[in-house]
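By convention here, the first residue in the shown sequence is residue 1.
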Amino acid sequence: MTLTGLFVPLITPFAPDGSVAADALAALAHEVLDAGAAGLVALGTTGEPATLTAAERRLVLDVCASVCAERGAPLIAGAGSNATADSVQALTALDPRVTAALTVVPYYSRPSEEGVVAHFRELAAASPVPLVIYNIPYRTGRTLGVETLCRLAELPNVAGFKHAVGGIDDTTIAFLARAETSVLAGDDLYAAPLLALGAAGAILASALVAPVAYADLVAAWREGRIERARQLSHRLAPLAAALFAEPNPVVIKAVLAAQGRIPSPAVRLPLLPASADALANALATATGVFTSA
């Protein structure tokens, strides 16, 4: 399985009564696919899965899987935790319409790098779908060296990585030079440099606000249209910064609600709604993206 292009991690919109707004979720899914996204991500961090009930997670996955089946698009679903046995159970119970599973590097317990490899070896062997390993050390507390990343990439049933290390470091440069698997840019602000270094695509929450521009950004870097890629990179960097000025996805949800694309900006505790200043700045920055040449 080869993963390329833009994958959009969907929020979970809530109705005014606090329930999951399934119709709004389906509409967003169709919208980003219409805009040029290659596929969708359900139940990633942007979708607030930790604060959804089991029934709500099933509903979100069913909505996204139905849209992807209708559109012939791949669906990546978040599954697993820092517990190997529980992660195996979650993977084996996945909806059969899921194309790949986004599985995070074990967090909080901070296993050794050997432990991380052993964790993913078990997951890859048990999973009915390929894995996309989510490498995000500023959330997990576990950094991985280039040799470990390459070992993980060689495991059977690993389709690629969502790489989000908060910058462009020496490990990232070395890994992209050596990786023989799909590496998807996972930090919105650093997506362009990762694509320039050879990332096969991206998983970007900011694309919910500007899906056409982000699909064009990924395609431009992939196709070697360097000047266009640079123009888009410079235009979109301020938007990514504005949308991540407060914890994801609070600003994105506020913008989508202000645009009338979801019924409510609500998030669930411990997240708090976006501040008025963050919303105003993000809306102004988004307007600049849409109106610039």
Side-chain angles (χ1 to χ4, degrees), residues 1-9 39 41-47 49-50 76-84 87 90-91 99-124 127 129-206 218 240 244 248:
M1 176 184 181
T2 301
L3 297 170
T4 60
L6 173 66
F7 289 80
V8 180
V41 179
L43 301 177
T45 307
T46 303
I76 301 173
S81 67
N82 62 333
T84 304
S87 298
L91 288 166
T99 308
L102 182 64
T103 51
V104 70
V105 170
Y107 51 85
Y108 190 74
S109 51
R110 300 182 67 195
S112 66
E113 293 190 64
E114 286 293 334
V116 172
V117 173
H119 171 84
F120 281 110
R121 184 179 293 114
E122 290 208 17
L123 267 56
S127 178
V129 297
L131 304 184
V132 178
I133 295 174
Y134 190 5
N135 182 30
I136 184 165
Y138 54 84
R139 285 187 182 270
T140 65
R142 172 72 272 176
T143 59
L144 300 177
V146 66
E147 298 302 330
T148 298
L149 291 170
C150 289
R151 288 176 65 194
L152 291 171
E154 293 169 356
L155 291 176
N157 210 28
V158 169
F161 291 75
K162 179 182 178 183
H163 193 72
V165 300
I168 306 297
D169 59 9
D170 54 350
T171 297
T172 296
I173 292 169
F175 181 45
L176 281 163
R178 294 173 55 181
E180 296 183 1
T181 189
S182 295
V183 177
L184 303 176
D187 280 314
D188 296 42
L189 188 60
Y190 301 106
L194 276 168
L195 290 162
L197 287 168
I203 297 176
L204 303 174
S206 299
V218 174
F244 280 79
N248 184 46

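Leu123 has its side chain within reach of Thr84: a pair of non-hydrogen atoms, C-beta onward, lies under 4.5 Å apart. Counting heavy atoms from C-beta outward, Ser87 and Thr103 have side chains that stay 4.5 Å or more apart. Side-chain contact between Leu184 and Leu3: present, with at least one pair of heavy atoms (C-beta onward) separated by less than 4.5 Å. Contact of the Leu6 side chain with the Val8 side chain is registered, since non-hydrogen atoms from C-beta on lie closer than 4.5 Å. Between Val183 and Leu194 the shortest side-chain heavy-atom distance does not fall below 4.5 Å.
Closest of all the heavy-atom pairs between Phe7 and Val41 is CB-CG2, 4.0 Å. The shortest non-hydrogen separation linking Val132 to Ala100 is CG2-CB, 4.1 Å. The shortest heavy-atom contact between Asp188 and Ala205 is OD2-N, 3.2 Å. Closest heavy-atom contact between Pro130 and Ala159: CB-CB, 3.7 Å. Nearest approach of Val218 to Ala202, heavy atoms of both residues: CG2-CB, 4.2 Å. Taking both residues in full, the closest heavy atoms of Tyr134 and Ala164 are given as CE1-CB, 4.3 Å, listed atom of the first, atom of the second, then distance.
Applying the side chain to side chain donor-acceptor pair (under 3.5 Å) definition to pairs two or more places apart or across chains, those involving residues 176-185 are Glu147-Arg178. The salt bridge (charged side-chain N to carboxylate O under 4.0 Å, His left out) analysis of residues 151-176, with sequence neighbours excluded, yields the pairs Glu114-Arg151.
Among residues two or more places apart in sequence or in another chain, the side-chain hydrogen bond (donor to acceptor under 3.5 Å, both in side chains) test is passed with Tyr138 by Asp187. In terms of the side-chain hydrogen bond (donor to acceptor under 3.5 Å, both in side chains) criterion, Thr45 has no residue partners (sequence neighbours excluded). Applying the salt bridge (Lys or Arg N to Asp or Glu O under 4.0 Å) criterion to Arg139, with sequence neighbours excluded, gives no partner residue. Under the rule for a side chain to side chain contact (heavy atoms under 4.5 Å, CB included), the partners of Asn82 that lie at least two apart in sequence or sit in another chain are Pro106, Tyr107, Tyr108, Ser109. Residues that satisfy the side chain to side chain contact (heavy atoms under 4.5 Å, CB included) test with Leu155, not counting sequence neighbours, are Phe120, Arg121, Leu152, Val158. For Thr4, there are no side-chain hydrogen bond (donor to acceptor under 3.5 Å, both in side chains) partners, not counting sequence neighbours. For Ala83, the side chain to side chain contact (heavy atoms under 4.5 Å, CB included) test picks out Ser81, Asp86, with sequence neighbours left out. Ile173 is linked by a side chain to side chain contact (heavy atoms under 4.5 Å, CB included) to Ile168, Leu197, counting only residues two or more places apart in sequence or in another chain. Remark: Asn248 pairs with Thr46 by the side-chain hydrogen bond (donor to acceptor under 3.5 Å, both in side chains) rule, at least two apart or across chains.
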- Task: Kindly indicate, with the supporting measurements, whether the criterion side-chain contact (heavy atoms from CB on, under 4.5 Å) is fulfilled by Val116 and Leu144.
- Result: CA-CA 9 Å; Val116 172; Leu144 300 177; 4.1 Å; yes
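Separating the CG atom in Leu176 from the OG1 atom in Thr171 is a distance of 11.0 Å, to the nearest 0.5 Å.
Classification of the Phe175-His163 ring pair by plane angle, with boundaries at 30° and 60°, yields tilted.
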